[in-house]
Amino acid sequence: MTAGGAHIGTSESQSGQPATAAAEPVKRRAYVATIEGLLGSLMMFVGSIGTGWIANGSPMIRQPVVIALRTEGWGVTVSTVLLTVGAMVLMRSWLRLGQRLAEWGKSSLRSVVIAISAWSLPLLFCVPVFSRDVYAYTGQGRLVVEGQNPYEVGISTLNNWFALGADPAWAENRTPYGPYFLWLARAVVGLTGAQPDVSVLLFRLLAGVGVLLCVMYVPKLAELHGINGARALWISVANPLFLISFIASAHNDALMVGLAVAGVYFAATRRYVLGILLVTASIGIKPITVLLLPFIGLMWAGASATWPRKFLMWGATAGISFATLALSGIPYNLGLGWTWAIMDPTPGYTGYSPSGFLGQQVEFLGNVLGLPGGTFATVLRTGMKYAAIGLVLLLMFRGDYSRVVRRMALAFTAVVMLSPIIQPWYILWFVPFLAVTGIRDDWQIKSFYVGVTFFVVFGAQDQLSVWSFVELPIDASSLAFVTALAFTFYLLFLDVHTRKLLFEGKPVDLAKRGWNWVLAKREARRIRAEEPGRQQLGSR
């Protein structure tokens, strides 16, 4: 019996269909949603040529078609619409795939894998969209090749660094990534000579390895917890935010998440050292997954472990991981520079994070009342960060052993959601762990629908590469935002299939019922107002 089979379970076993449910043939074929999503991905591919991020040093910008799509008003407009509508079509396809596979029978896993593969293929060749961090990876690889330490200097020390295509924000910034990713970045630059387009493709392939690890181990980890693997994979990997962020944008977070999921799976099946090493590899990509180590230690300690044994296993887990990372810092003289990303996080906040949004409201209210609103906001955000640490400690020390992976998922969620800075792809760090331990078909999955839609809409208008000299009838970001909002309205209120996902009844019918209720109330008030006059007339 494995460590994940009988005694590492889930707190949400009622979510979705259990893994042991009777297999039924898929009644509603999934191929229609798969083809629709493929068309959406193809639209994104074409749209990315005109509004995606192309490095200044890329030969692509000298191609006639690319020049037309990026310098002519009609080209940028068409590209913006194609990119935005393509992303929203991909959103609808994901929702419809879940509806068509609602029985989650044996063949559903194959259908989800086929959909992920089909939707990912066009995105693999996109010009980077929604983010240009991938170009910074090339710069950091060049730093290592040239004998500089990315933990000490930014890419501005490189000759002609701006031609790499990186955001100027990276110019002076130290890298927040682990040593293993810097090894990989150095290898990519060594193979490509820092040629931007080929480098992007190789970084995408590395991200694809992370996606593949998720496809392999999310269903297996879900099955250990009595959760349908196909549904967990559909939630965590097939969703458009995952595919766009980890394939089209080529974020190294994909490799981080894939290694973490694989590591947790092996730890849950009692291959603890292998699990620790895989999670350590994940930390070596991005250090945030160091949060998983205490829960790996709990798995190693066992169900009936005493407190001394738990502390012993925590120490052994940390010792293996940190010793491995310390040795990994010797090549290229990287040392333990990656620890700064944990000890000295990026300052500031994003307005859509709970911490950032609430801080803004507190600051506004404080300023209106003549109080130091900025100080109150800072105290609130700091307090929320410490609250996240407190929740991690609580989940480490309290809870059933059978729910240790669920506790880990909740701890990871708390750290991300209570942080002042949340990028759209950050929620993808913890979603796989929530999915494998159960996301119910109630407010939980509805909240996830809303979150994914919000970040796809936000990403569609947030980072579009449009040259300032291009004359447009409407700003590209505004056009993308309006287009995405219009499509969202369609999904919520007009689409006969997807509108059922958030509302119990038909939204249009509910609106009509509400309007009829208002008219009925008005009529009742009118009758009551006229009643005294009628009574007087009758008495005469």
Side-chain angles (χ1 to χ4, degrees), residues 130-134 136 151 154 166-178 241-242 244-246 249 251-253 256-257 286-291 338-393 409-431 434 447-448 450-464 477-478 480-481 484:
F130 290 27
S131 171
R132 49 174 162 166
D133 285 357
V134 65
Y151 297 126
D167 190 325
W170 284 101
E172 304 294 336
N173 284 357
R174 298 173 290 168
T175 181
Y177 308 133
L241 183 62
F242 188 100
I244 293 172
S245 299
F246 288 172
S249 299
H251 282 294
N252 59 5
D253 306 61
M256 176 196 78
V257 173
K286 291 192 78 169
I288 186 65
T289 46
V290 72
L291 288 168
W338 57 271
T339 56
W340 85 266
I342 299 175
M343 306 304 295
D344 183 24
T346 305
Y349 64 89
T350 50
Y352 51 77
S353 69
S355 173
F357 178 78
L358 291 175
Q360 286 178 322
Q361 310 315 308
V362 168
E363 183 174 3
F364 173 77
L365 182 60
N367 291 338
V368 168
L369 297 175
L371 300 172
T375 302
F376 290 160
T378 300
V379 170
L380 174 66
R381 296 186 186 109
T382 303
M384 292 180 75
K385 286 195 292 186
Y386 282 112
I389 296 173
L391 286 171
V392 172
L393 293 173
L410 294 175
F412 209 172
T413 303
V415 168
V416 174
M417 296 305 295
L418 294 179
S419 171
I421 295 180
I422 299 178
Q423 299 293 356
W425 56 93
Y426 285 10
I427 69 169
L428 303 173
W429 296 350
F430 59 79
V431 164
L434 290 178
S447 298
F448 186 60
V450 172
V452 171
T453 303
F454 170 81
F455 282 119
V456 170
V457 171
F458 176 83
Q461 55 81 42
D462 179 50
Q463 291 203 34
L464 297 175
S477 293
S478 300
F481 184 61

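The first residue in the sequence is number 1, and the count goes up from there.
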Participant: Is it the case that the side chain of Y151 and the backbone of Y177 share a donor-acceptor pair, with hydrogens and angles ignored and the cut-off at 3.5 Å?
Facilitator: yes
Participant: Once you round to the nearest 0.5 Å, how far does CG of D133 lie from CH2 of W425?
Facilitator: 5.0 Å
Participant: Could you pull out all residues at least two apart from S447 that satisfy side chain to side chain contact (heavy atoms under 4.5 Å, CB included)?
Facilitator: W443
Participant: Just to verify, what does F448 make a side chain to side chain contact (heavy atoms under 4.5 Å, CB included) with, not counting sequence neighbours?
Facilitator: W94, I235, N239, V431, I445, V452
Participant: What residues form a side chain to side chain contact (heavy atoms under 4.5 Å, CB included) with A414, not counting sequence neighbours?
Facilitator: L391
Participant: For the residue pair K286 and P176, establish whether any side-chain heavy-atom pair is separated by less than 4.5 Å.
Facilitator: no
Participant: Could you tell me which non-hydrogen atom of A460 sits nearest to which non-hydrogen atom of A480, and how far apart they are?
Facilitator: O-CB, 3.5 Å
Participant: Between F130 and D462, is there a side-chain heavy-atom distance shorter than 4.5 Å?
Facilitator: no
Participant: Anything under 3.5 Å between a donor and an acceptor, one on a side chain of residues 367-377, the other on a protein residue two or more places apart or in another chain? List them.
Facilitator:
| unit_1 | atom_1 | unit_2 | atom_2 | d |
| --- | --- | --- | --- | --- |
| N367 | OD1 | G373 | N | 3.3 |
| N367 | ND2 | E363 | O | 3.2 |

Participant: Atom CD of Q423 and atom OG of S245: how far apart are they, to the nearest 0.5 Å?
Facilitator: 10.0 Å
Participant: What residues form a side-chain hydrogen bond (donor to acceptor under 3.5 Å, both in side chains) with T289, not counting sequence neighbours?
Facilitator: S282
Participant: Side chains of P354 and I422: closer than 4.5 Å at any heavy-atom pair?
Facilitator: yes
Participant: By side-chain hydrogen bond (donor to acceptor under 3.5 Å, both in side chains), which residues pair with T175, not counting sequence neighbours?
Facilitator: Q140
Participant: Short question: side chain of S419, backbone of V415 - any donor-acceptor pair under 3.5 Å?
Facilitator: no
Participant: Less than 4.5 Å apart, any side-chain heavy atom of L428 and any of V257?
Facilitator: no
Participant: Output the distance between atom CZ (R132) and atom OG (S249), rounded to the nearest 0.5 Å.
Facilitator: 12.5 Å
Participant: Could you report the tightest heavy-atom contact between A409 and F430, atom names first, then the distance?
Facilitator: O-CB, 4.3 Å
Participant: Taking side-chain contact (heavy atoms from CB on, under 4.5 Å) as the criterion, tell me which of Q360, K385, M384 meets it with S355.
Facilitator: M384
Participant: Would you please classify the geometry between the F455 ring and the F458 ring as parallel, tilted or perpendicular, with 30° and 60° separating the classes?
Facilitator: perpendicular
Participant: Kindly give the heavy-atom pair with the smallest separation between G356 and R381, and that separation in Å.
Facilitator: O-NH2, 3.6 Å
Participant: Examine distances only and state if a side-chain atom of S353 and a backbone atom of I421 form a donor-acceptor pair shorter than 3.5 Å.
Facilitator: no
Participant: Are F412 and I288 close enough that some pair of their side-chain heavy atoms sits under 4.5 Å apart?
Facilitator: yes
Participant: Would you say that Y352 contacts F357 through its side chain, given a criterion of any heavy-atom pair below 4.5 Å between the two side chains?
Facilitator: no
Participant: Say you draw a straight line from NE2 of H251 to OH of Y426; how long is it, rounded to the nearest 0.5 Å?
Facilitator: 9.0 Å
Participant: Checking side chain to side chain contact (heavy atoms under 4.5 Å, CB included) for the pair L434/L410: CA distance, chi angles, key distance, verdict?
Facilitator: CA-CA 8 Å; L434 290 178; L410 294 175; 4.2 Å; yes
